[in-house]
Q: 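The structure that follows is given in the form of structure tokens.
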Amino acid sequence: ATGAAGSTSAATAVTGTITVFAAASLTGTFTELGTQFQNAHPGTTVKFNFGGSSALAEQINSGAPGDVFASAAPKNMTTVTAKNGTSAQPVNFATNKLEVAVPPANPGKVSSLSDLAKSGVKVALCQAQVPCGAAALTVLQKNNLAVTPVTEEPDVKSVLTKVQLGEVDAGVVYVTDVKAAAAKVTGVEIPDAQNTISQYPIAPLTESKNATTAKAFVDFVTSAGGQAILHAAGFGKP
Amino acid sequence: MPLLALLIRAPWSALGSLLGQRTVVTALRLSVECASAATVISIVLGVPLAWVLARVRFPGLRLARAVITVPLVLPPVVGGVALLMAAGRNGVVGQHLDSWFGITLPFTTAGVVVAETFVSMPFLIVSVEGALRSSDLGLEEAAATLGAGRWTVFRRVTVPLVLPSIGAGAVLCWARALGEFGATITFAGNYPGTTQTMPLAIYNAFQTDPDAAIALSLVLLLVAVTLLVALRDNWLRAGSPT
Amino acid sequence: MPLLALLIRAPWSALGSLLGQRTVVTALRLSVECASAATVISIVLGVPLAWVLARVRFPGLRLARAVITVPLVLPPVVGGVALLMAAGRNGVVGQHLDSWFGITLPFTTAGVVVAETFVSMPFLIVSVEGALRSSDLGLEEAAATLGAGRWTVFRRVTVPLVLPSIGAGAVLCWARALGEFGATITFAGNYPGTTQTMPLAIYNAFQTDPDAAIALSLVLLLVAVTLLVALRDNWLRAGSPT
Amino acid sequence: MSGDYAALDFDVSVEREEFRLDVCDQARPGEVLGVLGPNGAGKTTLLRALAGLQPLRRGRIELDGMVLTDVAAGIQIPPERRELGVVFQNYRLFPHLSLLDNVGFGLRSRGISRSESRLEAANWLRRLDLAEYSERRPGRLSGGQAQRVALARALACRPRALLLDEPLAALDARTRLSVRAELVRQLRAFPAPALLITHDPLEAMVLTDRLLVLESGRVVQTGTPAEIARRPATNYIARLVGLNLYRGRLERGAVRLAGGGALVAAAGHELASGANCLVAVRPSAITLHTERPAASSARNLWSGTVRGLEPLLDRIRVEVAGEPGALVDITAAAAAELQLSDGTPVWLSAKATDIDAYPEP
Amino acid sequence: MSGDYAALDFDVSVEREEFRLDVCDQARPGEVLGVLGPNGAGKTTLLRALAGLQPLRRGRIELDGMVLTDVAAGIQIPPERRELGVVFQNYRLFPHLSLLDNVGFGLRSRGISRSESRLEAANWLRRLDLAEYSERRPGRLSGGQAQRVALARALACRPRALLLDEPLAALDARTRLSVRAELVRQLRAFPAPALLITHDPLEAMVLTDRLLVLESGRVVQTGTPAEIARRPATNYIARLVGLNLYRGRLERGAVRLAGGGALVAAAGHELASGANCLVAVRPSAITLHTERPAASSARNLWSGTVRGLEPLLDRIRVEVAGEPGALVDITAAAAAELQLSDGTPVWLSAKATDIDAYPEP
Ligand SMILES: Nc1ncnc2c1ncn2[C@@H]1O[C@H](COP(=O)(O)OP(=O)(O)OP(=O)(O)O)[C@@H](O)[C@H]1O
Ligand SMILES: Nc1ncnc2c1ncn2[C@@H]1O[C@H](COP(=O)(O)OP(=O)(O)OP(=O)(O)O)[C@@H](O)[C@H]1O
Ligand code: MOO
Ligand SMILES: [Mg+2]
Ligand SMILES: [Mg+2]
């Protein structure tokens, strides 16, 4: 499929600049994807507008010029499609799942998800209104765990920062975040049975002044090469 | 003008029900309390600091003044991280606070106050320093000849004379503390009832329901404007020579 | 003290390579340019506004003064939303700007300047209003008896006399604009090269590499402090009577 | 009006909290009308009213056929269009402008080009002997220099009337002498009406053609400075010009004083018997004796007690209690000879020709 | 020490940019030492040095056996521990405190309780006739009242010496008279040394026991006020006290003047022939004639030209150019009779007994 897409787009020239709105949690991966895409299509430039998924959706609906939207949750994508903001059906291009992150020294002695409910363990979660917070709630409910966090952070990175600095004993974040943080945090896996899978949708935008390249980028992300990069970062297959 | 737009587009109907919510009322009270506490601390620490900047000649004065202005420039989130590094559980100072006194600041209401103070104190210092620079040294000299030492002069002459500026600075400081978001969420976290101030509640609401967020902003604005009108007016009247 | 912690924990080694990155240099230049533009606009609009607040007696003065202080209290993100509602493509004013003049502000460099101006102008206004209140009305009267109309008096007497305060206010204003994050990202987005200022670049960096983010903050601080030391000193010297 | 000047007519009433000012007078072209009065009399208020800086309660101000203020008709020309020259009490020079620009300010405000204004300003600075300081800021001037700059600044606009508020008050005693002489010259050369406020009678004497004495917002006397110095109407003026003043009633050739005692005056022609009158006696016209003088041509002789001695520059002023009490000036030699001190009983004598009785104004 | 007071000794040298002050003198207990001088002479600088507000370049200040400043020994007692009472030129009352608290400020600063301070302050306010204003803020006082409050504030601390900087300068001519009288009483009652700055010779005459005349930072004359008024050492003082002063050299019984002309003085005993000397002549001691007087007992007669006329309160001052030039005071009657005007040629005569020649100090 990728090869076919590549040959058709060559006819209408994949070139010029596109701007991709991508969820903050995709910052590292998409920067890498962008570079690969530019290499594959000389003459193209990919720029990014990173931000919280909900903030990006708000920007798109307020008329922010862009070509592609990659959201960390279907909900925010729906906000955009509902306003006719996408020119094609969104496709899921990656999945993510949660993991417990603990500081390398593991002061709270957390070794499983259920340890989060122990008294005296300081836990940071995302706030319920953002995708990772909603997911965390789902997981905790699913496992019948009553966890009282010391803080509800506005995004995943804030949770991770608090873990890194040792301010909390554990935080619930995405697998990809633990991977990106490398040695600075330790991951405590949550088995798939107890976990929940988040979908990441992507779609070209109606606003786009360079629909061809926009489509090519979406295609590239869903292509084998793109998936490999996402997989390396810890994302799962859609 | 943007404020007008805010008013026009506001979901007035939703306001009533929002105000009924317990979390909103709690957040509002917490905001006002923390901002007021931060203001008081800023006055207590900031006025003497402003005095030093205005009156004491020492090498590095220029640098000191610039450092004081730094929290103005620092993106608040970075300010929060800096605070964590300093006063967090593993922070440069924080680890001793914890082990010696058993005090932890992050994730507590005290932490909110610290974060707000860090961000808003410069406003007070800048206002007061300006006033001190332009205030009449002659009166301080007169006080000295009457037997008043440095501290008495400061307390009984210098401070009363710049009171209007301290008032104005405190208003700026309070307003800034009330709207503080980044440093607070980073340093103190976001937990309803202990560290969730109005701006954090507004941010929360924003993720799901922008209209509700706007309504909440209006509530915050209303409280702020009401208090400002009431207070500033009193201060200005007390301070004006007419 | 938190700043010290920041300095202690900073990844000094990474600094060199970071500064080499094109995006960092671009963001830094954009930040300085936009903050400067916002300061200039604030001076042009804010000084007359401060004059009105200080000199003209009109009903609603107290309210007007409070409204001016509002952007201080408003969480910046809400400020950004308010701006979008006013000047966005579908905004109260924005739709006319677009259809009549073909001007769109959001998500452009101009939008960054607007957002920064909105947030930082109050600082200038508050400083200048205070100075105007305490400046010598006698000199303005003298100018009037010499045949100078209101505008001439303003331009040739009032403004030169409060120049030091305008300077101080401009520094505050500039510093605040330089650190502005929330309103900018909401109203202008986060496009490298056009709207990605340093605080936004720092935010980006924070997502992948917190150390790099801190290093970037230090860069921003360094630039700010250097400029502040240089400028304030000049202003203070120009303004001081000695 | 082609170069010739007209009078400044004013009838002004101002009300300010507990203070009320009512003045009606006229300053003719070339005339310097002095306004003399104690602190808080309303002198500055009058000047501000004329300059358009102080709203009136009632009244009318007219200059050169042009109405500047008419409360009844709702006319109030703003200060910048009155074309008056004002010299304020503390000069109010612009601290941020050079002397050249201070003096050129009015011309520039009237739309004259920068270069032309500077040329004209330089002329005025030269005329007032300030050419060497043209580029200096006012902050570094002496009081006398500042006063001259303020005058130059007001005159440079060729005003249709000049208003001066205590132009010499800020100067020290010695500078005041030389600046006063300079001011006399400038005022003589000024063709339009001028109004000069002062609380110094000597200054009024030297600088003004006619005086208006103001006390608590009301005019208590007008006349030439010499008239007022000779025949003061109130105790304030009498003390100021250094006269003994008594209030009394003419009865059978002598004036019976309200405070006790009587005095015979030679010049009392204008007075009808029974009329209320004032009596002025110079302190130097009274002679002191420690014993009752046997035979004396002086028609007035009475006794008293010394209450105080005050050395003046070239004489001694003795305060004597009696009927009437009096201030008496004697030479230092006489004081030594008479061995006066507090409580010494004395006799006072004065010639009728040295005593002036005149009707209460 | 026990209640009796000692002298204030000072030897002070201050350097400030282009200005240099050097003064060495002593104020004895109960004595009021006056410091007279023109603007910028360094009077305020001296006071500030004594009060400890101005660092010295060199010198020593001692009061009551206690060294306040000794540059050589590195001693500099801070102002708050000098126990001096200072009255500043513009009073410097605390605008935010009531009169009671202004006056009580020094007592409170010395650790006396609030209630006791207020009691004592109330006493002082009563003594200075200000009791009814105790609760008022200084902003609403007249100049004379403010001056009394400043004095009360300084006296309330029972200072070991009093320093006053032009205490009457801010008052109008009339208020000055009454406040001066009050100040005389207060200073007489003050048992410790006092230093009083002024630029008004009359004030110096009335208020001080001994005078120190300062010009450009240097002492040019010291003596009692009467001595200085009679025999001024510089033109500045001569003009101030209203004398004609000439510099010359005694040659064969007459003084040959440096500016041309010669004068014969009766009293020249102290002078050796050939000595440099000063000659002082009162303007009223010179007589004017429009024709050369035929026979006159006056030993000095010379010609000149009228250069100006200035009316004073009770006489006219005529400026005459000649060898020597002179200011001459005549009565208004005489001026009218002689029909003097600018350019009139005149003859001047003066009796030798009215001319005082004395050595240059
Ligand atoms: N800003 C003001 N508001 C209210 N009353 C005032 C104000 N300024 C002056 N007054 C009152 O007006 C009266 C007249 O004041 P004005 O300044 O005209 O006096 P003056 O004769 O110029 O005195 P001075 O010799 O002190 O200059 C005074 O009683 C004073 O108390
Ligand atoms: N702050 C200052 N810095 C530098 N020089 C000063 C300062 N203040 C005064 N001077 C200079 O010191 C000299 C003496 O000033 P001082 O104030 O002692 O004079 P003064 O005799 O009190 O005059 P006045 O009669 O005007 O009060 C003047 O030449 C003045 O220019
Ligand atoms: O949009 Mo995110 O990836 O919740 O931070
Ligand atoms: Mg006045
Ligand atoms: Mg002085």
Side-chain angles (χ1 to χ4, degrees), chain A residues 23-24 51-62 71-73 75-76 78-79 83 103-105 107-108 120-135 137 147-171 184, chain B residues 2 5 9 23 27 76-92 94-95 97-99 104-109 111-112 115 181-197 199-214 216:
Chain A
S53 301
S54 56
L56 293 176
E58 176 78 24
Q59 286 179 8
I60 293 165
N61 287 341
S62 300
S71 167
K75 194 185 86 181
N76 304 113
T78 313
T79 323
K83 271 208 163 187
V121 176
K122 285 186 173 177
V123 179
L125 299 179
C126 289
Q127 62 186 58
Q129 291 88 343
V130 298
C132 67
L137 270 189
V147 173
T148 311
V150 291
T151 177
E152 296 174 352
E153 296 292 319
D155 57 49
V156 162
K157 287 298 163 185
S158 309
V159 174
L160 206 62
T161 305
K162 301 236 147 88
V163 176
Q164 268 181 32
L165 289 171
E167 296 298 336
V168 292
D169 301 324
K184 289 172 188 159
Chain B
R9 298 279 175 100
T23 52
V77 176
V78 178
V81 173
L83 276 172
L84 277 179
M85 288 177 167
R89 195 158 63 156
N90 302 313
V92 180
Q95 56 194 352
L97 275 183
D98 196 10
S99 61
T104 42
L105 289 175
F107 314 119
T108 61
T109 307
V112 176
F181 170 76
T184 309
I185 201 163
T186 310
F187 182 62
N190 173 29
Y191 196 76
T194 53
T195 67
Q196 188 179 76
T197 57
L200 306 199
I202 291 171
Y203 187 82
N204 265 7
F206 205 67
Q207 303 299 326
T208 44
D209 182 1
D211 279 354
I214 288 167
L216 285 182

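Just so you know, these numbers come straight off a predicted model, no measurement behind them. Each chain gets a letter, A, B and so on, in the order the sequences are listed, and its residues count up from 1.
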Q: Please find the pair of heavy atoms, one from B/Y191 and one from A/T148, that lie closest to each other, and give the distance.
A: OH-CG2, 3.4 Å
Q: Is there side-chain contact between B/I185 and A/P154, with heavy atoms separated by less than 4.5 Å?
A: yes
Q: Considering only heavy atoms, which portion of A/Q127 lies under 4.5 Å from any heavy atom of chain B: side chain, backbone, both, or neither?
A: side chain
Q: Look up atom OG1 in B/T186 and atom CD in A/E153, then write down how far apart they are to the nearest 0.5 Å.
A: 7.5 Å
Q: With sequence neighbours left out, write down each residue that passes salt bridge (Lys or Arg N to Asp or Glu O under 4.0 Å) with A/E152, or none if nothing qualifies.
A: none
Q: Once rounded to the nearest 0.5 Å, what's the spacing between atom NZ of A/K162 and atom CZ of B/F187?
A: 9.5 Å
Q: Got a sec, which residues hit ring-ring contact (aromatic ring centres under 6.0 Å, His included) with B/F107, two or more places apart in sequence or on another chain?
A: none
Q: Of the non-hydrogen atoms in A/L165 and B/L84, which two are nearest, and what is the gap between them?
A: CD1-CD1, 3.5 Å
